[in-house]
Protein chains: 2
Amino acid sequence: SAVSIEKEIPETERPNTFLRESDDHDSSTSSSSSSSSSTVRSRFEKMIREAQDTVCKAIEGADGGAKFKEDVWSRPGGGGGISRVLQDGAVWEKAGVNVSVVYGVMPPEAYRAASATAELKPGPVPFFAAGISSVLHPKNPFAPTLHFNYRYFETDAPKDAPGSPRQWWFGGGTDLTPAYIFEEDVMHFHSVQKSACDKFDPTFYPRFKKWCDDYFYIKHRGERRGLGGIFFDDLNDYDQEMLLSFATECANSVVPAYIPIIEKRKDTPFTDQHKAWQQLRRGRYVEFNLVYDRGTTFGLKTGGRIESILVSLPLTARWEYDHKPENGTEEWKLLDACINPKEWI
Amino acid sequence: SAVSIEKEIPETERPNTFLRESDDHDSSTSSSSSSSSSTVRSRFEKMIREAQDTVCKAIEGADGGAKFKEDVWSRPGGGGGISRVLQDGAVWEKAGVNVSVVYGVMPPEAYRAASATAELKPGPVPFFAAGISSVLHPKNPFAPTLHFNYRYFETDAPKDAPGSPRQWWFGGGTDLTPAYIFEEDVMHFHSVQKSACDKFDPTFYPRFKKWCDDYFYIKHRGERRGLGGIFFDDLNDYDQEMLLSFATECANSVVPAYIPIIEKRKDTPFTDQHKAWQQLRRGRYVEFNLVYDRGTTFGLKTGGRIESILVSLPLTARWEYDHKPENGTEEWKLLDACINPKEWI
């Protein structure tokens, strides 16, 4: 495959950092506008590990009994991750919150090099990628699934062109996938996303809301997997410090955006029909993740840690032949909003 | 996308043929060694429609109550299909048996043209594809899932190179996916496949058995989805009449290969643990079909009839984080045979 990474090894303890030693004191950015003495790599790792702790604590609190199981792993050449999964809780049937730090090498074709250096024909480009990724699938069909992912990507200077600039970008987003629409829940969720965006740039929310609707599109169905949120990728046309703060703000918004909805819906009585519809929507979730999701398909092809990648799949899912909800039903309303994305605020 | 086909239209009645009129009297093959006055296209369509009837009748008989629901569809420019689905029967939770006849156009790069014509730079190449495709998922975890598919593919002569030869090939196979191994069942199944192969060529069974093991490989898991059977593709290096007979023999072998196993296992008592393991294996089935299966990924990308394509997915499936059966258990034995394919006869 185009990008290759080494096999992971289980670890018994969480290290202080998954970064290679040289990454902590990065002379190449010392002359930049950085407000901190440590690198963006290092501050991003710290941020996602804190976010993992915060989200897991909030999930365990709302679940009221179940605990996350933790797997720590590393790779021989540097990098590693912490996978946390809570399965068969009182509220969530499967909740995964993973952080990973990956060092790899990509072929020059895949490297979005500055145009000035493109004619140099560089060799393989070493890269660094760190991210937090989470999917939370509740049991109750009225309680929505949440997904969020924030990642930072950087290339090293190619060895045969040491003077060429490093590339970096941020990506991520938070999106909501209910089986039934409660307008107040969806409005609350989108409002929190908008507030996080508005602290940085008034164009962010409308732009990233649309990007989210476009990204989570199940093309062969003509429908989105859920009701969206925000999504952005390859973001580097803003100040690096500003984007680090923005990603941090987004990650910190996960708990206030999601947990109040869960508290409201987790004990709502439901029927077998409600559950079957939730399961059909979970089937769509599986279709999106296995067929279209870039992180999943990239991970499966490049030998990432399979159990961490596929923890995004629901515990159970369902496919009925030619199922079509009757016009005007609650199921139809959800499907309609997945086909025709709405403005919620 | 590279290959495009028109949107399908529901029909109220089964037509006698889905072939375009001109296909029934094909002057270009009148000088060939054909033993019949009608074309291979026409005889292949007749064969798969008869096989559909036979298999559906056998399934309804073994299920003992449930009936297939039929959808007939056509495309404006010719072609169409018959989709039959039995859902929530006594024995099968989902059984789909589809035939389709498709006319399309592919870009010249995709056309496996005879090397002599390759330098002519032909325009888009019209093609014809007909096939029967079926997946049968029983309820009982001791009763195996069966898949079979037989297809015939032909290109028209390109318009700007009317003298160039038509290409044709056959593909298909029948494979078994149990959640638990009963050696006698697997041996019976493979013996029937071998008998069908041996009537034509002693090299067929060993070659197509291995091809099957190689094809149904879930690369990111390092395991096959089931215990195999036979599989072949792009077969055209034998006499066309012989391959048509071979495909017919294979399709006729489905009922004797499968139904006796179902009769034996459909009422075996089982526990929730057996059911959960079956559901985990169904999850693997979904992974294979959505990530690797050529027919599925091709169909999803080219605008095929989605409900017919995805009828192969099980009614329900399950994904547990990092599930590993204990060494020596029945679940472990199945997984081991999926990781290390065995010779069953």
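Keep in mind that this is a model prediction, so the values were computed, not measured. Chain identifiers are assigned alphabetically (A, B, ...) following the order of the sequence lines, protein sequences preceding nucleic acid strands; residue numbering begins at 1 within each chain.
Salt-bridge annotation for B:Glu330 and B:Lys333: present, with a side-chain N of the basic residue lying under 4.0 Å from a carboxylate O of the acidic one. One finds a salt bridge joining A:Asp175 and A:Arg225 here, because a Lys/Arg side-chain nitrogen approaches an Asp/Glu carboxylate oxygen to under 4.0 Å. A salt bridge is absent between A:Glu11 and A:Arg75; no separation between the charged side-chain nitrogens and carboxylate oxygens falls under 4.0 Å. A:Arg318 and A:Glu320 are joined by a salt bridge, as a carboxylate oxygen and a charged side-chain nitrogen come within less than 4.0 angstrom of each other.
For an aromatic pair to be called close, the ring centres must be under 6.0 Å apart, and A:Tyr285 with A:His137 satisfies this.
With a 4.5 angstrom heavy-atom cutoff, A:Arg282 does not touch chain B via any of its atoms. Heavy-atom distances place the side chain of A:Val85, and not its backbone, under 4.5 Å from chain B. Both the backbone and the side chain of B:Glu287 come within contact range of chain A, each with at least one heavy atom under 4.5 Å from a heavy atom of that chain. Within the 4.5 angstrom heavy-atom criterion, only side-chain atoms of A:Ile306, from C-beta onward, approach chain B. Interface residue A:Leu310: only side-chain heavy atoms are found under 4.5 Å from chain B.
With sequence neighbours left out, B:Gln279 forms a side-chain hydrogen bond (donor to acceptor under 3.5 Å, both in side chains) with B:Thr316. Qualifying side-chain contact (heavy atoms from CB on, under 4.5 Å) partners for A:Ala129, counting only residues two or more places apart in sequence or in other chains: A:Phe127, A:Phe153. Shown here are the side-chain hydrogen bond (donor to acceptor under 3.5 Å, both in side chains) partners of B:Asp88, two or more places apart in sequence or in another chain: B:Lys139.
Across A:Leu313, A:Ile309, A:Asp322, A:Leu315, the residue that shares the most heavy-atom pairs under 4.5 angstrom with chain B is A:Leu315.
Among the residues in residues 61-71 of chain A, those with a non-hydrogen atom closer than 4.5 angstrom to a non-hydrogen atom of chain B are A:Lys69, A:Asp71.
Note that CG of B:Leu136 is 9.5 Å distant from NE2 of B:His147, once rounded to the nearest 0.5 Å.
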